[in-house]
Amino acid sequence: MSLTFHWFLPTNGDSRHVVGGGHGAPVTAAGGDRPPTVGYLTQIARAAEHLGFVGALTPTGAWCEDAWLTTAMVSQHTERLKFLVAFRPGFVSPTLAAQMASTYQRQTGGRLLLNVVTGGESHEQRGYGDFLDKDARYARTGEFLSIVRDLWDGKTVDLAGEHLRVEDAKLTRLPDPAPHIYFGGSSPAAGQVAARHAEVYLTWGEPPAQVARKVAWIRSLAAEQGRTVRFGIRLHVITRDTSDQAWAEARRLLDGFDPETVRAVQTGLGRSESEGQQRMVALHGGSLDNLEIHPNLWAGIGLVRGGAGTALVGSHAEVAERIAEYHSVGIDEFIFSGYPHLEEAYWFGEGVLPLLRDRGLWSHPFRTQTQPPTVQARFATSGRP
């Protein structure tokens, strides 16, 4: 089975430094270095498509551009790349969301994937008019996905749930194919929703032993529902020709962290209701010391950024080895990012993916030839002169 790789569209801005934001973390000034214009995001998307990434994750929240609108625009400048659109089910009706997804599939040739984000921060949810507590939000998400899936199956839906109610709901045009659901969450309530509804369960980049326990947990819950689930992981990456070069880049990023910014971000993240976020914080404890928490797994990103806070750091061979290690505990899909996202896509795509191809763990999803892309092809695809 070929591993699946996705990249990331930085809709809160990009930089040669880490751009913060999410889960109570303020957006750092670096996000203004490369604003998230359609033109720049298209460069990243085209590079990802050319290099062999299947899709690109786009985040959701008040700290970034809207994922639906942005990816709909970028999709018109790409051909095969899928868009893993993060969205919060409490902010739109299930029937409208099902219709939006159906339209998206037709207008892009079936290139929509959905990352359902229940929402871990009550204060941000309230800003959007959502006043449910965390457990109630997960219960609503379960009802939401039940309705959406039935609509995509062509059913007429009548449901009077605890949080959602629809009568005689139906779609006149069905999505083809129905988008796959990606879902993450570390709480018991999240696990139940994932087991019933997700095609892919996502975890942030914890050490492999912790990831293995999550995989076993969700696999067991899904089996109780008579289902099987695939597993994915969200990580940053810093990969270079040598290990020394990669760690020098990690140190450069770390040297750019203002201590006051680190304190402010950690204070905000410390208030997070997300169990996954608290697990990220626990990996570094707010300290700039001892950040390599597993061979080639660096927790430095999480000092100034909410959400995914760890990176694979090392030579191309070392990063490939860590990917194989995660695969050995059940991970089949990887969502990577790096600063800046355009250049790091090439470092990974040209340095690591060929090694995984040679090990029989990956094949390019859009072409059959095995030779690496030429310099001329890289420049033509990225839009660089």
Side-chain angles (χ1 to χ4, degrees), residues 3 5-8 10 14-20 25 28 30 44 47-48 51 53 57 203-212 232-257 262 265-266 279-329 331 333-356 359 361-362:
L3 299 180
F5 293 93
H6 307 278
W7 198 239
F8 184 84
D14 201 7
S15 175
R16 294 184 182 273
H17 304 281
V18 177
V19 180
T28 54
I44 298 172
L51 291 164
F53 294 95
L57 172 65
T203 179
W204 286 327
E206 299 175 15
Q210 293 175 230
V211 170
I233 193 167
R234 170 79 178 94
L235 287 154
H236 305 275
V237 64
I238 303 171
T239 180
R240 295 293 186 271
D241 295 334
T242 70
S243 183
D244 287 346
Q245 291 171 344
W247 285 108
E249 177 64 11
R251 288 192 296 273
R252 184 192 70 81
L253 292 175
L254 188 64
D255 289 343
F257 293 176
V262 172
V265 169
Q266 294 308 304
R279 291 166 72 103
M280 284 283 101
V281 170
L283 295 177
H284 55 70
S287 171
L288 278 67
D289 301 321
N290 302 316
L291 291 171
E292 189 178 7
I293 57 175
H294 182 80
N296 307 108
L297 183 63
W298 185 61
I301 302 291
L303 292 169
V304 294
R305 183 192 191 278
T310 52
L312 295 185
V313 181
S315 68
H316 304 316
E318 288 171 335
V319 170
E321 187 60 37
R322 295 287 78 73
I323 289 171
E325 183 178 8
Y326 277 113
H327 176 51
S328 73
V329 301
I331 300 297
E333 300 200 18
F334 295 80
I335 304 172
F336 283 120
S337 57
Y339 299 98
H341 288 73
L342 181 60
E343 288 90 328
E344 288 297 336
Y346 281 105
W347 277 114
F348 183 86
E350 295 176 341
V352 178
L353 288 181
L355 298 179
L356 295 171
R359 295 176 66 160
L361 291 175
W362 176 79

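Computed from a prediction, not measured in an experiment: that's the story for all the values here.
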* **Residue pair His316 / Gly351: nearest heavy atoms and the distance that separates them** => CB-O, 3.3 Å
* To do: Take the angle between the ring planes of His341 and Trp7 and call it parallel below 30°, perpendicular above 60°, tilted in between.
  => perpendicular
* Could you note down all residue pairs passing salt bridge (charged side-chain N to carboxylate O under 4.0 Å, His left out) where residues 312-321 supplies at least one of them, sequence neighbours left out? => Glu321-Arg359
* **Ring centre gap for Phe334 and Phe5 strictly below 6.0 Å** => yes
* Structure fact -> Output for pair (Phe348 CZ, Leu51 CG), nearest 0.5 Å, gives 10.0 Å
* Side chain Arg322, main chain His294, donor-acceptor under 3.5 Å -> no
* **From CA spacing to verdict: side chain to side chain contact (heavy atoms under 4.5 Å, CB included), Leu303, Leu291** => CA-CA 10 Å; Leu303 292 169; Leu291 291 171; 4.0 Å; yes
* Compare every heavy atom of Ala246 with every heavy atom of Gly314, then report the nearest pair and how far apart it is. => O-CB, 3.3 Å
* Structure fact -> When rounded to the nearest 0.5 Å, the distance separating CG of Leu3 from CD1 of Ile331 is 10.0 Å
* Structure fact -> Closest non-hydrogen atoms of Val18 and Arg305, given as atom of the first, atom of the second and distance, are CG1-CB, 4.4 Å
* Asked: When rounded to the nearest 0.5 angstrom, what is the spacing between CD1 in Ile335 and CZ in Phe53?
  -> 11.5 Å
* Is it true that Glu333 and Arg234 make a salt bridge, defined as a side-chain N closer than 4.0 Å to a carboxylate O? -> no
* Give a yes or no on whether the backbone of Phe8 and the side-chain of Ser337 come within a donor-acceptor separation of less than 3.5 Å. => no
* Asked: Between CD1 of Ile233 and CH2 of Trp204, what distance do you get to the nearest 0.5 Å?
  -> 12.0 Å
* Contacts of type salt bridge (Lys or Arg N to Asp or Glu O under 4.0 Å), residue Glu206, not counting sequence neighbours -> Lys214, Arg279
* Quick one: does Val237's side chain get under 4.5 Å of Val352's, heavy atoms only? -> no
* Specify the closest pair of heavy atoms between Ile301 and Ala311, including all atoms of both residues, with the distance to one decimal. => CG1-CB, 4.2 Å
* Spatial distance of atom CZ (Phe336) from atom NE2 (His236) [nearest 0.5 Å] -> 11.0 Å
* Please test Trp347 against Asp241 for side chain to side chain contact (heavy atoms under 4.5 Å, CB included), starting from the C-alpha separation and ending with a verdict. => CA-CA 9 Å; Trp347 277 114; Asp241 295 334; 3.9 Å; yes
* To do: Measure from the side-chain N and O atoms of Glu344 to the backbone N and O of Ile238, and report whether any donor-acceptor pair falls under 3.5 Å.
  => no
* **Closest contact, heavy atoms only, Val313 versus Ala250** => CG1-CB, 4.3 Å
* Asked: How long is the gap from OG1 on Thr239 to CD on Gln245, to the nearest 0.5 Å?
  -> 10.0 Å
Do any side-chain atoms of residues 280-287 form donor-acceptor pairs under 3.5 angstrom with protein atoms, and if so which ones, sequence neighbours left out?
| residue | atom | partner | partner atom | Å |
| --- | --- | --- | --- | --- |
| His284 | ND1 | Gly286 | N | 2.8 |
| His284 | NE2 | Gly302 | O | 3.4 |
| Ser287 | OG | Asp289 | N | 3.1 |

* **For the student: nearest non-hydrogen atoms of Leu253 and His17, plus distance** => CD2-CA, 4.0 Å
* To do: Evaluate the side chain to side chain contact (heavy atoms under 4.5 Å, CB included) criterion for residues Tyr326 and Leu312: first the C-alpha distance (whole Å), next the side-chain angles of each, then the deciding distance (0.1 Å), finally the verdict.
  => CA-CA 11 Å; Tyr326 277 113; Leu312 295 185; 4.2 Å; yes
* Decide if atom CG of Asn290 counts as having more than 12 heavy atoms of other residues, nucleotides or ligands within a radius under 6.0 Å. => no
* To do: Could you tell me whether the side chain of Leu254 reaches within less than 4.5 Å of the side chain of Trp298, counting heavy atoms only?
  => yes
